[in-house]
Amino acid sequence: MNNYDPAKNEAKWRKIWQETDINKTHEEPKNKLYNLVMFAYPSGNLHIGHWYNFAPADTLARYSRMHGQDVLEPFGFDSFGLPAENAAIQRGLMADEWTNQNISDMTAQINKIGAMYDWSKTFQTSDPSYYKWTQWMFLKMFHEGKAYQKEALVNWDPVDKTVLANEQVVNGFADRSGAKVERKLLKQWFLKITDYADALIDDLDKIDWPERIKDMQRNWIGRSVGAHIEFPIDNSTQKLDVYTTRADTIFGVTFMVVAPEHPLIETITTNSQSDAVKKYISDVGAKTNIDRMETKEKTGVFTGAFAVNPATNQNIPIWISEYVLMDYGTGAIMAVPAHDERDFEFASKFGLEITQVLSDESSEGSNQSADAKLINSGEFSGLDSASAKAKIVEWLETTEIGKSQTQFRLRDWLISRQRYWGTPIPIIHCEKCGVVAVPEADLPVVLPLNQKFGEDGRSPLLDNKDFLDVKCPQCSGEAKRETDTMDTFVDSSWYFLRYPNPNYQAGPFDPVAVKQWLPVDNYIGGAEHAVLHLMYARFVTKFLHSQGYIDFDEPFMKLINQGMINGPDGKKMSKSKNNVINPDDYVDKYGADSVRMYLMFMGPYEDGGPWDPKRFEGTYRFINKIWELITTEYTEIQLDSIVEAELVSKLHRLIKKVTEDVQKIRFNTAIAAMMEFVNFAGTLKHKGQISKEQWNVITSTFTKLLAPFAPYLSEELWELLNNEQSVHLQAWPKYDPNLCKDDVLTIVIQINGKLRDQFIVNIENAHSPVELERMAREKLGSRMDNLEVVKTIAVPGKLVNFVVL
RNA sequence: GCCAGAGUGGUGGAAUUGGUAGACACGCACGACUCAAAAUCGUGUGCUCGAAAGGGCAUGUGGGUUCGAUUCCCACCUCUGGCACCA
């Protein structure tokens, strides 16, 4: 047997593919497919998770190309970011050198995958020719009022020494550095993603994404419909505004609570309460988010002031407590202790009045149900909760005390970072003119290279006079550049628009090429970006659409989330657990095709799972089995046309199965079907029952089916089968539905639903229940004698079930 | 607490307009080849009673619908992911 040498073969075809430029994208596509994997960060080496993302994605691209589609499958690098900067600080390297070295190392590794990337389309975000347009994007938003600077309580990462977006804080810890996040009042740059909150929720209905990701976005955006209500403050002209979803319970409002940061505190607090209030606020202010979250028991302090409940005209005390959040709603709530768990806890602890306004007879034993009736609520008593909500909001609107309002949990996107290795924010601060945008003609604002970091990694931009000192574009006076850079998620929020023509100079993207290729048809990547990149990219797309730059408002039509590959021990791979699988070890020894096949065979793509070296061996065996089946000489021994017809039928079923499974992203069952076929064909080969001519048809058809999965092996086989052109440019095989049909069926005989026997029947006889019952009785023969059949169910083509006593 | 998703052999997983549960693969056992091992090939492999024929039990748990339920309905348990004092 001539053994298959994957390393040699794969090197051979890599070279040929490169020389023949086989993966060049067809410009002016007729039947386009934009197949994109999520942007890669050049961290230094390609890990198995990358493979799991890229290889199956490439199988989709190759399959589509064989279906006659013009496929765009590009690859590039999200090359700004903290790890490069931290590495530079630690190792005394330049961030750009470290990044570029990684990109070149990783490109070599990526090439081994055998993906059909068109490298003429590649780019990296740290290149001025790219980030120029990230800055352009920022300026467009700035001029539309969608990019703005604001002083706010923000998340501060004390380890990486920068602020973070809400989306980058996980349970109070920074998602990258793992540091406990602090709260700081700082002036920062935001993008107005909240302007698109409604569209970001509503348009989820028109894209083909996993429901789980859509739900995460819906929850993160957190739309709720309620009412905005103004409560007069006793002995004051000021009002206390609240947001509530439970206007129906307004008669039960017995006190108010404001967040410790609420601006009204200063003016309403009475002298006698002043010291206590000050102490409370400073105690709370010292806490981190974590500490706040861990505070289980309610804390609070009375301001000494009272508001007036507009429904009951009663005076109700205004309290301060950290359980009310300043950055949601108005930072103040109307408390209904009888019908809200948190308010109840607070009232109980501080001895505040509790007034029930919903009957609980209808909701015995369960939480408040929708059909509870209002009580103690004046003219509204007796209404059910839902209609009371509507009536009370109506009353609030006519009396001008309040109005209906939709509220979101989503906050604006904080994009400024106090770090060096990122896209400079194109803003100039002038003492006279204030915040001034860099004129578009002056872009890019170039990030200076070869910089020395200051103490503790202090951004070199802060001390770089050449960068810092600038003339004001408006008054030409002395001015300073903004030294914050943008978060890398801004860079990656629009990159997919540039791939169709990455060298376009007249704008961020080529409008003609974008019209041809966008939106992205398949977007493949991990679920960790659910509320980060995937929402930011949607936002930017919607912004560009609203400004008329593009004619679509969703960037990714279909989203495919692969699972995560764990170590052999089933745990998440990490150096400290010593369970990291280096794909190179396997690629060099067994070939990229084996790795591709294993990753797709191990289970459903969305599930991931542990890397199992033993199971991997099994997939490798399959590769060799194919090689042997197709490359060893075929000899006719004793032809048998029935057996031949059976094999041909199995081939057509295989085509059908693989075609359907790939469309449904079920690579594992497609490969299982191929294995089954190879096993079957192998046994027939030894018997030599198939004509040589037919055998050749079968092997070459199988090779085409294999091509998207194992591109190198299939290409070599295709050549050995005496073909000139690449297998990857062949048309996908078609199946004949007539050949996929069975001519005989196995009919199951059940007694009381339990399998007792079975028989084989020609397909033309399998659909007459009467005939099936007759045959079943015949098959059971004397065993029928003792049975008292009360009923017979005969399902055509399936089974006969005798119901007996 | 809330929102998703999932529980099937020793293992990864197949199979759901309700109709042969366990495809394919790993592992294991036995056999062939070999001085031997590896590799390769062949056979077997859910549990259980039985010499066998043939039974019984099995898709997280408990109910229900049905001639028939992994699949549909109700209740519960466990696990995973996400969110979390959002008024």
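Letters A, B, ... mirror the listed sequences (proteins, then strands); counts begin at 1.
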Side-chain donor-acceptor pairs of residues 668-680 of chain A under 3.5 Å, sequence neighbours excluded:
| unit_1 | atom_1 | unit_2 | atom_2 | d |
| --- | --- | --- | --- | --- |
| A:Thr669 | OG1 | A:Asp661 | OD2 | 2.7 |
| A:Thr669 | OG1 | A:Arg666 | O | 3.2 |
| A:Asn679 | OD1 | A:Lys625 | NZ | 3.0 |
| A:Asn679 | ND2 | A:Met675 | O | 3.4 |

Look at the side chain of [X] and decide which nucleotide, out of [options], has an atom nearest to it.
X: A:Arg621; options: B:rG27, B:rC85, B:rC57; answer: B:rG27
X: A:Asn668; options: B:rA14, B:rA25, B:rA4; answer: B:rA14
X: A:Pro604; options: B:rC83, B:rA87, B:rG13; answer: B:rG13
X: A:Glu322; options: B:rC41, B:rC85, B:rC57; answer: B:rC85

Checklist entry - Considering every strand shown, what is the Watson-Crick or G-U wobble mate of B:rG27 when both distances are under 3.5 Å? => result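 Partner of B:rG27: B:rU45.
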Checklist entry - In the structure shown, which nucleotide is the Watson-Crick or G-U wobble counterpart of B:rU40, with both distances under 3.5 Å? => result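 Answer to the pairing question: B:rA32, which forms a Watson-Crick or G-U pair with B:rU40.
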If you restrict it to nitrogen or oxygen atoms, what contacts under 3.5 Å exist between nucleotides 70-73 of chain B and the protein, and what is each distance?
none

Mind listing the N/O atom pairs, protein and nucleotides 9-12 of chain B, below 3.5 Å?
| unit_1 | atom_1 | unit_2 | atom_2 | d |
| --- | --- | --- | --- | --- |
| B:rU11 | O2' | A:Arg615 | NH2 | 2.7 |
| B:rU11 | O2 | A:Arg615 | NH1 | 2.8 |
| B:rU11 | O2 | A:Arg615 | NH2 | 3.3 |
| B:rG12 | O4' | A:Arg615 | NH2 | 3.2 |
| B:rG12 | O2' | A:Met602 | O | 2.8 |

Checklist entry - For atom C1', what is the distance between B:rG22 and B:rG13, given to the nearest Å? => result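 10 Å, rounded to whole Å.
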Checklist entry - Using a heavy-atom distance cut-off of less than 4.0 Å, which residues of residues 217-225 of chain A contact RNA chain B? => result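 Of all residues in residues 217-225 of chain A, the ones placing a heavy atom under 4.0 Å from RNA chain B are A:Asn219, A:Trp220, A:Ser224.
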Under 3.5 Å, which protein N or O atoms sit close to an N or O of nucleotides 15-21 of chain B? Give each pair with its distance.
| unit_1 | atom_1 | unit_2 | atom_2 | d |
| --- | --- | --- | --- | --- |
| B:rA15 | OP1 | A:Arg666 | NH2 | 2.4 |
| B:rG19 | N2 | A:Gln750 | OE1 | 3.1 |

Next on the checklist: Does A:Arg212 reach a base, just sugar-phosphate, or nothing at all? Heavy atoms under 4.0 Å.
Outcome noted: sugar-phosphate
Item to check | A:Glu345: partners by salt bridge (charged side-chain N to carboxylate O under 4.0 Å, His left out), with sequence neighbours left out | outcome: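 For A:Glu345, the residues satisfying salt bridge (charged side-chain N to carboxylate O under 4.0 Å, His left out) (neighbours in sequence not counted) are A:Lys298.
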